[in-house]
Amino acid sequence: MDSCVGPNSFTIPEYALPSSGKRMPLLGLGTAASPPVGSEATKMAILQAIKLGYRHFDTAAKYGSEEPLGAGIAEALSLGLIQSRDELFITTKLWCGDAHGELVVPALKRSLQNLKLEYLDLFLIHWPMSAKPGTYEFPIKEENFLPMDFNSVWAAMEDCQRLGLTKAIGVSNFSCKKLRDIVAIAKIPPAVNQVEMNPLWQQKKLREFCQANGIFLTAYSPLGANGTRWGSNRVLECEVLKEIAEAKGKTVAQISLRWAYDQGVGVIVKSFNGERMKQNLEIFDWSLNEDELNKISEIPQSRGVTGVDYISRYGPFKTVEEIWDGEM
Ligand code: A2P
């Protein structure tokens, strides 16, 4: 792994995606604020993050943060904080209502317009189900869920890469079984699977599967997404992590992020607070010892993001077990 140096000399290691060769900083900033904080506050957070050395940003058509992220990037360029957009790694995601073969390329073009970018670094299928074409409400109405036609949707994702609209393609919230289904039909295999991962949901099985199949795993909600509709304080309040943090003079957030980094995955952490953004970058010049890693590996496991918003009596998944193919 190589590294890049931000203006404040925080060294963020990188991973070169095999499909594109583009280097992905292993720590990126999430932009899904829940409840939403408004465009100006989001743009200012992006600018501050770029000043601190963040170069990897994660958004989604669904988050409402594509436009302020694009505005932040444009301003960072005009202020000379970065010399070129190529210095950044930008990911966005295809929403369920656009997860239909003929809607994928237009959806990506719309995202690029919002971001004011000519190309993306990574385009992900947000969830492994579709919604009625052109429906964008969230939560998705039960009657609007549809099974995803992996063949046509993945073929259109591949078109996005061939057209140069994105450097790489991948998925999010996919189980081992669903990854296997995509790999079986793919001409271009998914470069990344972005899933919940933190010390309370360590994703051991999925990580092994991804590693064996050349798919890079990226962790979202590494801190448990405290304060959001889908998260809780269970990571930040975990006693085992608190004890380790206290003994090391680090914060629980830093212990969780360093642990995720040590597992060989990418990490997307969300903070719009300058101090916490900075703190979250300060995880690369120290390490967890074997005893600490062992203690973390013994923490009882359960999903925080259950996917309950994505089950439906009428849809492809009637229970959360079905979404994850029993990998609970
Ligand atoms: P804030 O944006 O006010 O900093 P995740 O990355 O798991 O999705 O978690 C995001 C949540 O964790 C946000 O509510 C964010 O709040 C909070 N957070 C981010 N970094 C830290 C930190 N270093 N210490 C405590 N809370 C944090």
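Counting starts at 1 for both ligands and their atoms, in listed order.
- If you look at A253 next to ligand 1, the close heavy atoms, those under 4.0 Å, all belong to the side chain.
- We find that R162 and D159 are joined by a salt bridge, their nearest charged nitrogen and carboxylate oxygen being less than 4.0 Å apart.
- Of the heavy atoms in A33, none comes closer than 4.0 Å to ligand 1.
- At a 4.0 Å cut-off, at least one heavy atom of P222 sits close enough to ligand 1 to count as contact.
- For ligand 1, the atoms sitting less than 4.0 Å from at least one non-hydrogen atom of V269 are 6 (O), numbered in the order shown with element in parentheses.
- In this structure, the protein non-hydrogen atom closest to atom 2 (O) of ligand 1 is K270 NZ, 2.7 Å.
- Listed by number with element, the atoms of ligand 1 under 4.0 Å from a non-hydrogen atom of G224 are 7 (O).
- Heavy atoms of N198 found under 4.0 angstrom from ligand 1: none, in either backbone or side chain.
- Looking from atom 21 (C) of ligand 1 to the surrounding protein, the closest heavy atom is R276 CD, 3.5 Å.
- Close N/O approach between Q279 and ligand 1 is found [any backbone or side-chain N/O within under 3.5 Å].
- By the 4.0 Å N-to-carboxylate-O rule, E282 lies close enough to K278 to be salt-bridged with it.
- When heavy-atom distances to ligand 1 are checked against a 4.0 Å cut-off, L236 comes that close only through its side chain, counted from C-beta outward.
- In summary, E143 and R313 do not engage in a salt bridge, as defined by a charged side-chain N under 4.0 Å from a carboxylate O.
- Closest to atom 20 (N) of ligand 1, if we only count protein heavy atoms, is N280 ND2, 3.0 Å.
- Between D98 and R110 a salt bridge is recorded (basic side-chain N to carboxylate O distance below 4.0 Å).
- Classification of E158 and K187 as a salt-bridged pair fails, no side-chain N sitting under 4.0 Å from a carboxylate O.
- Looking at D121 and R85, a side-chain N of the basic residue comes within less than 4.0 Å of a carboxylate O on the acidic one, giving a salt bridge.
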Test log, rule salt bridge (charged side-chain N to carboxylate O under 4.0 Å, His left out), inputs E327 and K177: CA-CA 9 Å; E327 297 163 20; K177 176 178 183 307; over 6 Å; no
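- For atom 11 (C) of ligand 1, the closest non-hydrogen atom of the protein is N226 O, 3.6 Å.
- Of the protein's non-hydrogen atoms, A225 CA, 3.4 Å is the one closest to atom 8 (O) of ligand 1.
- Between D86 and K22 there is no salt bridge, since none of the side-chain N atoms of the basic residue sits less than 4.0 Å from a carboxylate O of the acidic one.
- By the 4.0 Å heavy-atom criterion, S271 is counted among the residues contacting ligand 1.
- Ring-centre distance between F284 and Y261: below the 6.0 Å cut-off.
- Among the atoms of F272, some N or O lies under 3.5 angstrom from an N or O of ligand 1.
- In this structure a side-chain-to-backbone donor-acceptor pair under 3.5 Å is missing from E208 to K205.
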